[in-house]
Amino acid sequence: MLATDSPPRVSCLMVTANRPRLMRRAIRCYERQTYPNRELVVVDDGKTDLAPVLAPLPDDEVVHVTLDPEADYVLGALRNVALDKASGTYLTQWDDDDWYHRTRLERQAAVLDDGADACALYGTLMHLDVPEYFHHPYVGLLDDGVPGSIMHRRDSQARYPERARAEDTAYL
């Protein structure tokens with residue numbers, strides 16, 4: 001297959017710090033994706049060695065950026081580092097504490113392939129990792145899309161606001 005025949009590369013952008021257990025789960029979701037041409041961009045401002053967590057992934061699919069944990073970056077700034085390090089034509093948020101359906105990338109990339117500049121999922125199914133709530137998931141539906149699920153075409157003007165919270169809501 002020629003490189004021009006390949007589907008566009010999707011960069012999955014993960015910001016993390018000291019959460020290897022959660023990150024392992026998000027990486028399992030990444031590994032199980034049906035979309036073939038992807039990379040995982042990990043921006044890490046924690047103190048935990050993530051090499052063992054990233055080891056199962058092919059080297060050509062991982063971009064691991066470590067930042068000084070003492071620098072006190074806000075989440076929006078960290079997400080912008082991930083945008084800058086990504087090589088994909090399509091970019092998507094890939095949070096370390098979320099689970100993703102195995103066809104998420106395939107389905108969202110198809111929307112962009114059809115001409116859209118961006119898309120986001122309409123709903124999410126949330127589980128709390130607390131025994132009394134484990135069997136009581138919450139379905140969240142948002143008419144404008146779930147901010148943490150945005151996928152968009154590369155655009156050098158698209159930047160997260162440098163804030164600690166709700167940066168993805170403003171970005172969407």
Side-chain angles (χ1 to χ4, degrees), residues 7-17 19 22-46 61 63 65 67 72-130 133-172:
R9 179 161 246 199
V10 174
S11 295
C12 302
L13 311 177
M14 178 187 291
V15 171
T16 191
R19 297 172 13 144
L22 290 173
M23 191 177 157
R24 275 188 187 90
R25 188 174 60 198
I27 288 174
R28 279 194 306 271
C29 291
Y30 171 85
E31 289 177 302
R32 293 177 180 152
Q33 290 298 301
T34 58
Y35 192 85
N37 191 9
R38 62 187 187 267
E39 72 177 353
L40 182 66
V41 179
V42 179
V43 175
D44 167 21
D45 68 335
E61 284 188 32
V63 176
V65 180
L67 301 175
D72 198 29
Y73 295 94
V74 294
L75 189 52
L78 295 167
R79 292 201 192 280
N80 287 330
V81 170
L83 288 172
D84 294 341
K85 298 298 182 179
S87 70
T89 303
Y90 300 162
L91 309 170
T92 192
Q93 197 166 310
W94 198 267
D95 285 344
D96 67 355
D97 61 349
D98 289 348
W99 295 355
Y100 302 101
H101 190 275
R102 60 196 266 336
T103 62
R104 176 191 170 198
L105 296 180
E106 180 181 344
R107 289 178 180 208
Q108 285 190 275
V111 172
L112 274 59
D113 290 344
D114 285 343
D117 290 326
C119 66
L121 302 177
Y122 171 68
T124 60
L125 178 63
M126 298 180 210
H127 290 272
L128 298 176
D129 198 8
V130 179
Y133 294 109
F134 189 76
H135 296 290
H136 303 284
Y138 167 78
V139 176
L141 304 174
L142 297 172
D143 288 337
D144 293 330
V146 177
S149 71
I150 189 169
M151 180 185 282
H152 62 88
R153 293 178 186 279
R154 176 176 290 287
D155 178 349
S156 62
Q157 301 302 310
R159 305 299 287 173
Y160 286 88
E162 295 202 7
R163 43 169 103 152
R165 294 187 182 205
E167 80 299 334
D168 53 357
T169 301
Y171 189 73
L172 178 62

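Being a predicted model, the structure only gives us computed values, none of them experimental.
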Using side-chain heavy atoms (C-beta onward) and a distance below 4.5 Å, is [X] in contact with [Y]?
X	Y	result
Ile27	Leu40	yes
Thr92	Tyr100	no
Asp84	Arg159	yes
Val43	Lys85	no
Leu78	Leu67	yes
Leu13	Arg79	no
Val42	Met23	yes
Thr169	Leu172	no

Roughly how far, to the nearest 0.5 Å, is [atom2] of [Y] from [atom1] of [X]?
X	Y	atom1	atom2	result
Gln93	Met151	CD	CE	12.0 Å
Leu75	Asp95	CG	CG	7.5 Å
Cys119	Arg107	SG	CZ	12.0 Å

| said: Before you tell me yes or no, could you show the steps for Gln33 and Glu106 under side chain to side chain contact (heavy atoms under 4.5 Å, CB included), namely the whole-Å CA-CA distance, both residues' side-chain angles and the distance that decides it to 0.1 Å? | reply: CA-CA 8 Å; Gln33 290 298 301; Glu106 180 181 344; over 6 Å; no
| Taking it one step at a time, do Asp143 and Tyr122 satisfy side chain to side chain contact (heavy atoms under 4.5 Å, CB included)? | CA-CA 6 Å; Asp143 288 337; Tyr122 171 68; 3.6 Å; yes
Would a distance-only check, ignoring hydrogens and angles, find a side-chain to backbone donor-acceptor pair under 3.5 Å from [X] to [Y]?
X	Y	value
Asn80	Tyr160	yes
Arg9	Ser87	no
Arg19	Gly46	no
Arg38	Glu61	no

| task | State whether the number of non-hydrogen atoms from other residues, nucleotides or ligands found under 6.0 Å of Arg32 atom CZ is greater than 12. | result | no
| Member of Pro8, Cys12, Ser11, Pro7 meeting the side chain to side chain contact (heavy atoms under 4.5 Å, CB included) criterion with Tyr90 | Pro8
| task | Applying side chain to side chain contact (heavy atoms under 4.5 Å, CB included), run through Arg163 and Val74 and close with a yes or a no. | result | CA-CA 6 Å; Arg163 43 169 103 152; Val74 294; 5.6 Å; no
| task | Report the C-alpha separation of Arg154 and Thr89 in whole Å, then their side-chain angles, then the decisive distance to 0.1 Å, and conclude whether the side chain to side chain contact (heavy atoms under 4.5 Å, CB included) test is met. | result | CA-CA 5 Å; Arg154 176 176 290 287; Thr89 303; 5.6 Å; no
| query | Is the Tyr30 ring parallel, tilted or perpendicular to the Trp94 ring (thresholds 30°, 60°)? | reply | perpendicular
